[in-house]
Every structure is written in C-alpha cells, then in structure tokens.
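Sequence positions, counted from 1, serve as the residue numbers for this chain. Indexing begins at 1, ligand by ligand and atom by atom, following the structure's order. The figures here come from the full heavy-atom set of this structure, side chains too, leaving out hydrogens, waters and symmetry mates.
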Amino acid sequence: MNIDKEEFQRQYLDKVAKLHGKPLEETSDGERYQALSSLIRDYIGQRWLLSRRRQRQGKQVYYLSIEFLLGRLTDMYLINLGLRDTVAAAFFDLGVDLAAILESEEDPGLGNGGLGRLAACYLDSMAAESLPGHGCGLRYRYGFFEQDFVNGRQIEVPDDWLKTGFIYEFRRSDEAVEIRFGGTVTPELNGKLRYRHENYESVLAVPYDVPVVGHLNDTVNTLRLWSAEPHRTDFVCSATNRNDCLKTIEYKNDVEAITSVLYPDDSTRDGRVLRLKQHYFLTSASLQAILADLARRDIPLTRLSDHVAVHINDTHPALAVPELMRLLIDEHGMGWDEAWSLTVATISYTNHTIMPEALETWPVDLFQALLPRIFVIVNEINERFCRELWQRYPGDWDHIRAMAVIADGTIRMAHLAIAGSHSVNGVAQLHTRILKERVMSDFHQFYPDKFNNKTNGVTHRRFLIKANPQLAALLGETVGEQWVQYPCDLLGLLPHAADPAFQDKLAAIRRWHKSKLAAQILDATGVRIDPDSIFDTHVKRIHGYKRQTLNAFHIMHLYNRLKADPGMDLTPRTFIFGGKAAPAYRLAKLTIRFINALADKINRDKTINDKIKVVFLENYNVSLLEKLLPATDVSEQIPTASREACGTGNMKFIMNGSVIIGTLDGGNIEIRNAVGEDNIITFGLTADEVLNIYERGGYNPWDIYCGDERVKTVLDQLVNGFLPGGPDEYRPIFDSFLHHGDHFLVLKDFAAYVDAQKELERRYRDRRHWLSMSVRNIAHSGKFSGDRTFTEYAVDIWRLRPEAPVRCYCSADEDFARAEGGCTLSRRPALQATLSNATYN
Ligand code: 26V
C-alpha cells in the first residue's frame, strides 16, 4: 500500500480523535491499539471488495477446519500491506511505542495445536500466492483455554477473547443460513424418492468474515467463521406463558452452546452430541454458502468440481461428504450417481495423525438421532461402498467389515472421508508411508491413486519476518530481498555459512533476543536466566508421545551428575518448556506439575552455580512462540518415532537458526535430508523399530530400569521425596513407565538421548562450528515454507490455475522439481550461479 509517514500520522491522529475524543497523549495503549486496528480495517475493506470482484471467475478453494489458530493479526496485516516500516517510523516520531500497542491485541486461539496453526499458515500462503482460497471455521465464543499455574498445577481459565470485541471481523447477517438438527425423516415417493424432514430444531448460522491479506499483492481472501444463533427469541415472561418462556430460554442456551467452546468435554453423551453438532454446523453452513455463491456466479451445479474445491482438514469436517450429497439431491434434485461423482471430485482430505484415539467414530444411535437425514445418506454410501468391496473381495467379510464406513454400531469418519474424496494426503513422507503401508493399507490397495503426500510448511512471513525482523533484514542484505517471495533463495546463505563476519551478525541478533527473553522471563516467573547459556526450548502440546518426560529425565540426570561433581565442565543451559495439557488428560497435567517441581528444585539450588535453569512458561500460544523462536539455540523435537505426523515447530525453529535435537520422525527426517545430517542432531529408535515393538506388544521397561543405573536413579527420584510435592504425588508417572509398559518408549530412548545431548554440547562449544550449523539450517528452511506446500496442493489436488505464475520453490537437490509447479532451481539462474561458484564448508 502506498501511504507515506506523514499521511499515516494524519490519518491515525484523526482516527484517535474520532474514536476517543481526546488527544493521543491521553490515550492508553489499548485505545491506541483500537485506533490503529480500526484504521487497518478501513484500509483492508476497500481492497477486499476489489479482490472479490476480480476473483469471481476462477476456481475457489474452501479449506474447512474445526480449528484456526490465528495468532495476533495486526502486525501481520501491516507486514502484508507493506506498511510496517512506515507505521513504525510514524509511531517513533509520535513518541509512541508500537510494540506495546501490539501487545494489547488479544491472541485469537481458535485452535489447540498443529492442525489449527497449519490451517492459519495456509490461509496466509494462499493469499500470498494470490490463490482464491478461503477458510471456513467456527467462531467460538471462548477460544482454547488460558493456562495458569497454581502451585505448579495447570488451571484452565476461559479464554474470553471477544470481551472487548474483535475489530477484524465483519458480521454478515444477510448471508445467514439455516441448520437443522434432530426430528424425523419420512420417505416420499413422488416420481422420485424424496425425504420429508419434520420436527427438527432449527438453528441460524451467521457468518463473521475475517479478511486474509496477501503479502504485497492485491489479494484479500476470506476466513468465514460461523456463529450459532437462535431465531428470534423475543418473549415476554409472565405467569400465563411461563412454559413457553422457559422453553425459549432453553432453546437459546442450546443453540448458543454450539459455538461456545472448542472441543467441548466429550466424557458425557451430551458433550459428544455437542461435538457432532459443531461438525455438522460447520460443514452444512459452509457448503450452503459455497453453493449459494456458485449460483450467484451463474455456474450450473453440474460444473461444481470445475469451480470449487472443498478441502477437509482432518475428519472433523468429514460430514461434508453426506451433506454435499444431501444438498445436491434433496435441495437441487440431482440423482445419486451424478451427485456422488461431483462430491468425490470436489472434496479432498488431509489426515493429520495416526494416533488411534484421534481417529473419530460416532455411535450410530447418537448420530441417527441428531442427523436423521444425513444418517440415511451415510448408510447408503456405506451400502454402495460395501457392494463395491464385495466385487473386489467376494466373500471376504473380514476385509469388508474392516473397511466399511459403518460397522459394529459405529460410523468411522476416516473411512467416510476416504471413500468420499478424490485425494487423501499425509503431511510428511514418513507419515504418508505409514498411512499407506499400515494404518490405511486396505484403502491404499483399493484406491492407490487417491493417496499422496504433502509435507507441511509454515509461513515464513509470521515466523521469520514478524518474529525476527532483525534476522529478516540480515537475510535480505545477504541474499537479496527476493528471498521473501522466493524462500528458496535462502540457499544463497550457504556460501556465508563459515564466514565469521556473517556468523557474528547472526550471533549478535540471537544474543539480543536472548537477553530480551531473559528479561521477560524474569518478569513473568521471577527466575533469572543467563542470556549466555544455551537456550534449549521444548514447546508444544503436552502429550505422552511428545515426550516432555524424556527431556525432564535428562535434566534430572544432568543435575545428578552436577551434584556428584560440582566442578563438572558443563556449558550453562536454560531449559525452557511451554505447552498446555488437555483438561481431561491426567498424566499430561501431572507432567506439568512434575516439571514445575523439578524447575523449583533446580532453580533454588545454590550449589550448582546456575549451570542449569529450568522454566515452564505459562499459557503457551502463538504470541509466546514468536518470542521464543529468535532466542532459541536448541529446539527439542523428540517424539516417539512414527507418532508425530509431521510437526511444524521444527520448521519454525530452523527458519530462525535453531539447531534441532530430534528423533527420526515426521518432518524431522525431511529437515535432516535438507540440512544434511551434520546440521541436526538425531537419535533414537526409528519408526519401523517402534512399530515392530508395538506389533510385538511392547517391551519390558524393567530391563532398562535394572540395567541402567542412571535410569533407576531418575525414576526413583520421582517417588522418594527428591521433588517438592511429596513422594506419592508423581507416582502415576513412575507407574506409567514401569507398571504400564512405557508406551512411548521413553526409557528405551534414554541412553541415546543422553549421548545426543553430549554431542550437542560438544558441538556448541565450538562456536564457529555451531554458528555454521545455524546458518545452514536457515539456508535450507525455504523448502519448509507453506508457500511451497500450498502450491503443491493447488497443482496436484485442487487443479487450480493461480492468477499469478507459480513461483519456484527450489531445493539444492531439486527433489520436488516438477513440470507443472515449476519448482526447480533452474528457474532461479542467479541463485544457481551463486551456488555453483560456492564452496559449502
Ligand atoms: C483429534 C481429536 C480427536 C478428539 C478430540 C480432540 C481432537 C483434537 C485434535 C485431533 C486431531 C489432532 C491432529 C493434529 O493436530 N495433528 C497434528 O497436525 C500437524 C499438522 O499437520 C502435524 O504437524 C502434527 O504432527 C500432528 O500431530
């Protein structure tokens, strides 16, 4: 956007006056934020309108997701509009602290982890690539809970993110649609078979649109978030209509519950019904709006799949399959076969996990009562699918039952998603291989062409340019500003990897961020950490498979060594943890308590000369991650191999020059292939080894407990009063390892992890060597930009022709060079020349 500093200042001061009726000097940070965001909203409105007009012709992508973990928007809008420098300079002149203003923004946390953040990254990439791709999600009244610690324990506090209003949403009540729950359906034969749906509960889905601004282009896409609202509920409560009044209140509460929270507690039947309601509400509202838009564009329904791609992010929106069938058949009079081929051609599905507990199923009785018409359709889909299976595997009932959409009284959403879509993808090469060979092998045999891989990517605009502007500037000076559009240009750093002058600049930037983070941590926790220590960060959801306990056990072991030998030569290390545990996941919550207790014990011990510090930061979210990324030396990516579908934190950290210590799982493997095995520290069991152990029914953890003194000491310390909190407090953790089989193979990987940590420290001590590793990580991170992934989706799955020519996403080995996507290094001749002239050591 073209606006100079003076003009911006004039508009801003005008806005402050109009909104607050007082001079700038008298406004609070919050009020200043309101004025800034309101001005940005004005800027975007106009561009949005024009972008929509331009996009009317092309094929549209709709990305349906139960989560969008957006993070704060204001700074991203400024960056994408090309206004950040102007605004920073304008505020500097006005004596206003822009950073403080930006901190007043709520962090919209409409998601809980990787899947939701990935959805948000792709929105950013789609807009940056000028692709007409829109998000469809739910406008939760409360986001994912806020985490407080009380005596080291996680307390969940509601995330009231809308309390002061959300400036970037545009309510579109004129585009509200009706969603129907419950009731009865009766078949009617009137020439064609039709169903009459009666006595249902009717709910209004009201869209709130959030603009998604493309980076330095004209594109503004839409994230549409649906809110559940009752129909008119004006009533007078009086003695004569008391019953009506109570019923109306009950109806209003029921309806509003649908979009009140993300992942309602599903331990009760009511909770499960509410989740299913959310899923249907999201898919039905989105599809109704999509078809309405098609009609507005005068496109016949028969051409649906040429003009629309619907992508379902995991199985939560898998009801898109039967709902699209319902709309085509019931509302638009289409026959089954045509409706089915259009549905399959329109819908595509990404699987994000192989964790068995996350593979969704619904009991038939619950499903049928809530969605009677949809159930009839799912049943029909199942019958036809089973007939097809019978043709292929005649008489093999076991095989057919294993693949059916409905079996043993449950509806299997992954099966529905696979049968009803033309593409099924995993999110990293290994994950896709495991889907094909193990978890979904039956389906892969049946539909070999549907399966494909799309290794995740993340937006470098948020996680590098926004989070680490100093590094972004250094990269621009070094490889040319074009790296922002062509992240593969970062390969041009390779010739500088061993250049001391470049390394020192990088080190100075990291040191600055470390010192800033240390001050913030002191402020937040009272713990003083040394900015010259190694910052070792482990942030992500707290889960058994992510193995925060493995990290904690190593810390205990290090501490034990230090106590035994206080003079031990150890590079000072600060271990930083962050992450939320699901409220009902007792062991994960106890892990938080355990790590907080360990932190307390170690941080208070004056005898270890501050060689180790441990901090567990409260309320990990996107904003906190952005502060950690530029300050982290070592990123912990240590899941049990095979369990982490991809991981995306790993990619965000390498962009900022952190070195990964990690297992050979998910995206780590591809990062290792890209950066080279000398520039990442890997250890532990491979995925195949883990899967073989699982197939054999596990292993005997007592062998390790009895055979490795270090393990025995650490585990005993969980239950012998070593930790504050009492000897029985942590017994469930002890038991999970020794009495419940160490399901995530923590003890099995312990020795390898300790060795890897030693190796890491050895490499860190050679400062030049470490910095060269860091540079190489940044250099190869371009491949993990979401822009590359997205172009692959657009070309391979959605068959979309972008308005702008596809950019190149090159890698040194050109392993994803492709004719159509044009992802080859040869498309960047200047870079190729730099690389071929360079020596990389
Ligand atoms: C499943 C369920 C099932 C029941 C209740 C709540 C709930 C919440 C989420 C899920 C699916 C989680 C899937 C997920 O987040 N997977 C992560 O996706 C990332 C993006 O592809 C990937 O990098 C991570 O490895 C993967 O764990």
Solution key, residues 113-122 side-chain donor-acceptor pairs under 3.5 Å, sequence neighbours excluded:
from	atom 1	to	atom 2	distance (Å)
R117	NH1	L69	O	3.0
R117	NH1	L70	O	2.9

Within the side chain of S421, is there an N or O that forms a donor-acceptor pair under 3.5 Å with the backbone of S348? no
What are the distances between nitrogen or oxygen atoms of ligand 1 and protein nitrogen or oxygen atoms, counting only those under 3.5 Å?
from	atom 1	to	atom 2	distance (Å)
ligand 1	15 (O)	L115	N	3.4
ligand 1	16 (N)	H352	O	3.0
ligand 1	21 (O)	H352	ND1	2.6
ligand 1	21 (O)	N456	ND2	2.9
ligand 1	23 (O)	N456	ND2	3.4
ligand 1	23 (O)	G647	N	2.8
ligand 1	25 (O)	E644	OE1	2.6
ligand 1	25 (O)	A645	N	3.3
ligand 1	25 (O)	C646	N	3.0
ligand 1	25 (O)	G647	N	3.0
ligand 1	27 (O)	Y545	OH	3.2
ligand 1	27 (O)	E644	OE1	3.0

For R586, I'd like to know if atom CZ has over 12 heavy atoms of other residues, nucleotides or ligands within 6.0 Å.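 Result for CZ/R586: open.
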Is it the case that over 12 heavy atoms from other parts of the model lie below 6.0 angstrom from the CD atom of E677? no
Donor-acceptor pair between S781 and H460 side chains, under 3.5 angstrom: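 On atom types as modelled, these side chains do not qualify, holding no pair under 3.5 Å.
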Less than 3.5 Å apart, any donor N or O on the side chain of Y263 or Q278 sitting next to an acceptor on the other? no
